[in-house]
Amino acid sequence: MEEPEIQLKGKKGVAGPQRGWRGLERAAREVTDKFTESVYVLANEPSVALYRLQEHVRRSLPELAQHKADMQRWEEQSQGAIYTVEYACSAVKSLVDSSVYFRSVEGLLKQAISIRDHMNTSAQGHSQETLSPPPSLA
């Protein structure tokens, strides 16, 4: 039984019986070096990702903090405006609710005006009686 030939491909070409053990060793070393490099990259990948995240946060944090402060200031201003509008709405509602009282005051004013007019006509009637001579003297 013959043993199959082992052929490993590396950077330098094909290693096999024609190149000897040195070619095989070199190919095996290249394979292990690539494997080691891959394991190293995979092992360090999370730390690289965390570094990139930290770098991004460090760059964008001041701008985000400024936006937060702006938003808080706008919220305070809008809360003040909302309070003002709600206060004005309640004042208008109070005026609408008090229309009953305004109608009552209007009725009382009309009564007062009619009483005044009645009193004026009564007073004019008395004053004319005093100015005209009594019927017996005329």
Side-chain angles (χ1 to χ4, degrees):
M1 230 163 107
E2 289 185 345
E3 295 216 357
E5 290 184 3
I6 299 175
Q7 293 185 352
L8 297 174
K9 291 186 179 179
K11 287 183 182 175
K12 307 260 184 196
V14 177
Q18 70 271 18
R19 298 202 60 195
W21 287 106
R22 281 198 175 147
L24 185 61
E25 286 177 19
R26 185 174 295 143
R29 190 175 311 123
E30 286 180 17
V31 168
T32 57
D33 286 347
K34 289 292 181 184
F35 180 74
T36 303
E37 183 181 342
S38 295
V39 169
Y40 180 76
V41 167
L42 289 174
N44 288 317
E45 185 60 29
S47 62
V48 171
L50 290 175
Y51 174 76
R52 295 290 183 212
L53 280 171
Q54 179 265 340
E55 192 176 53
H56 172 72
V57 168
R58 186 171 37 87
R59 270 187 279 131
S60 62
L61 191 63
E63 186 178 344
L64 289 173
Q66 182 62 43
H67 282 299
K68 180 183 177 185
D70 291 343
M71 292 299 288
Q72 286 175 336
R73 188 172 52 252
W74 292 335
E75 181 186 13
E76 289 172 4
Q77 290 173 351
S78 63
Q79 288 296 329
I82 288 170
Y83 176 76
T84 302
V85 168
E86 286 177 348
Y87 185 73
C89 287
S90 70
V92 168
K93 186 179 181 304
S94 297
L95 283 174
V96 169
D97 291 343
S98 63
S99 65
V100 173
Y101 301 111
F102 283 124
R103 278 190 287 253
S104 173
V105 168
E106 180 185 24
L108 292 171
L109 285 172
K110 284 180 181 178
Q111 276 182 340
I113 290 171
S114 72
I115 291 171
R116 182 198 64 184
D117 290 343
H118 181 66
M119 289 174 67
N120 283 344
T121 54
S122 296
Q124 283 178 356
H126 285 304
S127 65
Q128 282 183 0
E129 286 177 7
T130 359
L131 292 176
S132 61
S136 59
L137 295 174

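Only this structure's heavy atoms are used, side chains among them; waters, hydrogens and symmetry mates stay out.
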Gap separating the [atom1] atom of [X] from the [atom2] atom of [Y], nearest 0.5 angstrom:
X    : Y    : atom1 : atom2 : answer
N120 : Q124 : CG    : CD    : 6.5 Å
S38  : Y40  : OG    : OH    : 13.0 Å
Q54  : L61  : CD    : CG    : 11.0 Å
M119 : S114 : CE    : OG    : 11.5 Å
Q79  : E86  : CD    : CD    : 8.5 Å
K110 : I115 : NZ    : CD1   : 14.5 Å

*asked:* Other residues, nucleotides and ligands only: do more than 12 of their heavy atoms fall within 6.0 Å of CD on Q77?
replied: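 For Q77, atom CD is crowded (more than 12 foreign heavy atoms under 6.0 Å).
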*Is any side-chain heavy atom of E30 closer than 4.5 Å to a side-chain heavy atom of K34?*
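Not touching, per the 4.5 Å side-chain cut-off.
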*Is any side-chain heavy atom of D97 closer than 4.5 Å to a side-chain heavy atom of K93?*
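They are in contact (side-chain heavy atoms under 4.5 Å apart), so the answer is yes.
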_By side chain to side chain contact (heavy atoms under 4.5 Å, CB included) - contacts of D70 (at least two apart)_ =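 Listed in chain order: Q66, R73, W74.
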*State plainly whether the residues D33 and R29 are in salt-bridge range, i.e. N to O under 4.0 Å.*
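Judged by the 4.0 Å cut-off on N to carboxylate O distance, D33 and R29 do not form a salt bridge.
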*Given the rule in the salt bridge (charged side-chain N to carboxylate O under 4.0 Å, His left out) test, do E55 and R52 qualify, once you have shown the distances and angles that lead to the verdict?*
CA-CA 5 Å; E55 192 176 53; R52 295 290 183 212; 3.4 Å; yes
